[in-house]
Amino acid sequence: MKIFCIIQVRNEARFLPGFLHHMAPHVEGIIALDDCSSDNTVELLRTEPKVVSVLREYEQAPPHAHEVRNRHRLIVEAARQGADWVLCADADERYETRFLRRLDAVARANERRQHDVLFVRIVNLWDGPDQYRTDGKCAPRWTARMFRMPSMISRRKALMHLPWFPQELDKAKRRFLPAILYHLKMIRREDREARHAKFTTIDPDNVHQTIGYGHLIDEAGLTVQKVLPFRGYDDLPALQMPPSEVLQQEGVTAPTSLPMPQGRCAEQLFARTFHLEQDRPAPRTNVVPQHRPLMQGFDFEAIFRDMRVRRG
């Protein structure tokens with residue numbers, strides 16, 4: 001079973017190392033398309049052995065102008081590489097680790113059931129790498145991010161925010177997986193303001209998204225929920241490129257931003273909270289047995305000792 005990840009990037013040096021780190025061990029290969037980056041995005045892609053193809057777009061245009069065309073090129077290249085299944089993501093997104101470890105098993109099970117399009121829940125991390133927003137239009141929502149390669153591939157019409165999968169699968173059987181995709185570029189207020197500035201600049205009349213983009217910065221009724229430790233994601237500390245500099249590279253004026261504090265990756269928080277044995281050897285396969293995926297390596301004596309201390 002060959003599963004390839006596809007990703008289109010523009011000036012993603014800040015998030016790309018963490019993306020490659022979290023994705024590379026779990027897929028056959030990564031196929032990337034660089035859309036006129038002016039930073040070292042392409043160099044970062046070429047240092048990762050799992051990146052099997054780096055396509056290029058040289059025609060300068062506003063952000064997302066080539067989105068549909070780029071995705072079509074990526075899917076065609078995945079077919080050329082012999083992909084059976086395609087997993088889609090952006091550089092500022094991280095799949096939960098336990099989903100990635102079972103990726104091959106997920107693909108095989110759904111191929112037997114003839115489910116060709118798989119949905120996950122995308123959540124917006126908010127004001128911290130360990131919590132996500134649960135209210136309003138920024139609440140968790142379903143997004144189709146994994147699909148079986150169809151026999152024919154045609155391009156969708158040129159609009160933003162359309163599904164990744166080709167239109168040949170519009171009527172295919174779907175399945176909604178108990179898996180989470182974490183969106184990192186909503187953690188910091190200055191990143192949210194930068195996203196709002198970008199989309200309102202390139203889509204001022206809400207042609208591509210009728211609900212507009214005000215929800216990206218609206219905090220009315222804000223409620224957040226902690227990421228459960230056993231549903232964490234693997235990451236590296238992001239490079240601290242200010243959003244204003246990122247948008248300047250993309251030709252978009254951004255509002256004044258605040259200093260960006262350093263964050264902690266969820267894997268480290270998970271290990272620290274649950275006293276995992278850090279020197280345990282890595283599993284020999286990417287498929288984790290369902291009967292004991294979360295119990296290995298736990299120091300229960302230390303966990304219960306901490307509980308007794310907290311209770312006095």
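Predicted, not measured: the structure shown is a model, and the values here were computed from it. Numbers here are sequence positions counted from 1.
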Do [X] and [Y] make a side-chain contact, defined as non-hydrogen atoms from C-beta onward lying under 4.5 Å apart?
X: H72; Y: P166; value: no
X: L87; Y: H26; value: no
X: V106; Y: N110; value: yes
X: R56; Y: C36; value: no
X: L33; Y: E57; value: yes
X: P129; Y: L184; value: no
X: R175; Y: F119; value: no
X: R133; Y: V123; value: no

For [X] and [Y], which heavy atoms make the closest approach, and how far apart are they?
X: H66; Y: E59; answer: CE1-O, 2.9 Å
X: I202; Y: H64; answer: CD1-CD2, 3.8 Å
X: V68; Y: A158; answer: CG2-CA, 4.1 Å
X: A83; Y: F4; answer: CB-CD1, 3.4 Å
X: L222; Y: D135; answer: CA-OD1, 3.4 Å

Given the rule that I, L, V, M, F, W and Y join up when any side-chain heavy atoms are under 4.5 Å apart, are [X] and [Y] in one cluster?
X: I153; Y: I3; answer: no
X: V120; Y: I7; answer: yes
X: M149; Y: L74; answer: yes
X: I6; Y: L16; answer: no
X: M23; Y: I75; answer: no

Is any NZ, NE, NH1 or NH2 atom of the basic residue among [X] and [Y] found under 4.0 Å from an Asp or Glu carboxylate oxygen of the other?
X: D84; Y: K2; answer: no
X: R231; Y: E96; answer: yes
X: R108; Y: E111; answer: no
X: R94; Y: D235; answer: yes
X: R192; Y: E219; answer: yes

Taking atom [atom1] of [X] and atom [atom2] of [Y], what is their separation to the nearest 0.5 Å?
X: S38; Y: R10; atom1: OG; atom2: CZ; answer: 8.5 Å
X: H183; Y: R141; atom1: NE2; atom2: CZ; answer: 9.0 Å
X: R69; Y: R155; atom1: CZ; atom2: CZ; answer: 6.5 Å
X: M146; Y: D116; atom1: CE; atom2: CG; answer: 11.5 Å
X: H196; Y: T201; atom1: NE2; atom2: OG1; answer: 9.0 Å
X: E67; Y: L162; atom1: CD; atom2: CG; answer: 7.5 Å

Show, in sequence, the C-alpha distance, side-chain angles and deciding distance for F19 and H22, and conclude whether the ring-ring contact (aromatic ring centres under 6.0 Å, His included) test is met.
CA-CA 5 Å; F19 175 85; H22 109 287; 5.4 Å; yes
Assign the ring pair F99 / Y95 to parallel, tilted or perpendicular, where the plane angle (0 to 90°) is split at 30° and 60°.
tilted
Parallel, tilted or perpendicular: rings of H161 and H208 (30°, 60°)
perpendicular
Backbone of [Y] reached by a side-chain donor or acceptor of [X] within 3.5 Å:
X: N124; Y: C138; result: yes
X: N11; Y: D39; result: yes
X: K50; Y: V27; result: yes
X: E93; Y: D90; result: yes

Can you check side chain to side chain contact (heavy atoms under 4.5 Å, CB included) on R174 and F165, steps first, answer last?
CA-CA 12 Å; R174 305 179 176 196; F165 58 84; 3.8 Å; yes
CA sep, side-chain torsions, deciding dist, call: H21, D234, side chain to side chain contact (heavy atoms under 4.5 Å, CB included):
CA-CA 8 Å; H21 169 76; D234 195 9; 3.1 Å; yes
Which residues share a side-chain hydrogen bond (donor to acceptor under 3.5 Å, both in side chains) with S151, sequence neighbours left out:
none
Polar contact flag, side-chain donor to acceptor under 3.5 angstrom, T134-Q225:
no
No-hydrogen, no-angle side-chain donor-acceptor test under 3.5 Å, E12 and S37:
no
Cationic tip of R189 above W126 ring, under 6.0 Å, 45° of axis
no
Report yes or no: is the cationic atom of R121 (NZ for Lys, CZ for Arg) under 6.0 Å from the centre of the six-membered ring of Y132, at an angle within 45° of the ring normal?
no
As a quick check of understanding, evaluate side chain to side chain contact (heavy atoms under 4.5 Å, CB included) for V9 and D35, giving each step before the final call.
CA-CA 6 Å; V9 288; D35 190 355; over 6 Å; no
Determine whether R145 and L118 satisfy the following criterion, side chain to side chain contact (heavy atoms under 4.5 Å, CB included), listing intermediate values before the conclusion.
CA-CA 6 Å; R145 292 304 185 94; L118 307 182; over 6 Å; no
For F176 together with W142, are the ring centres under 6.0 Å from each other?
yes
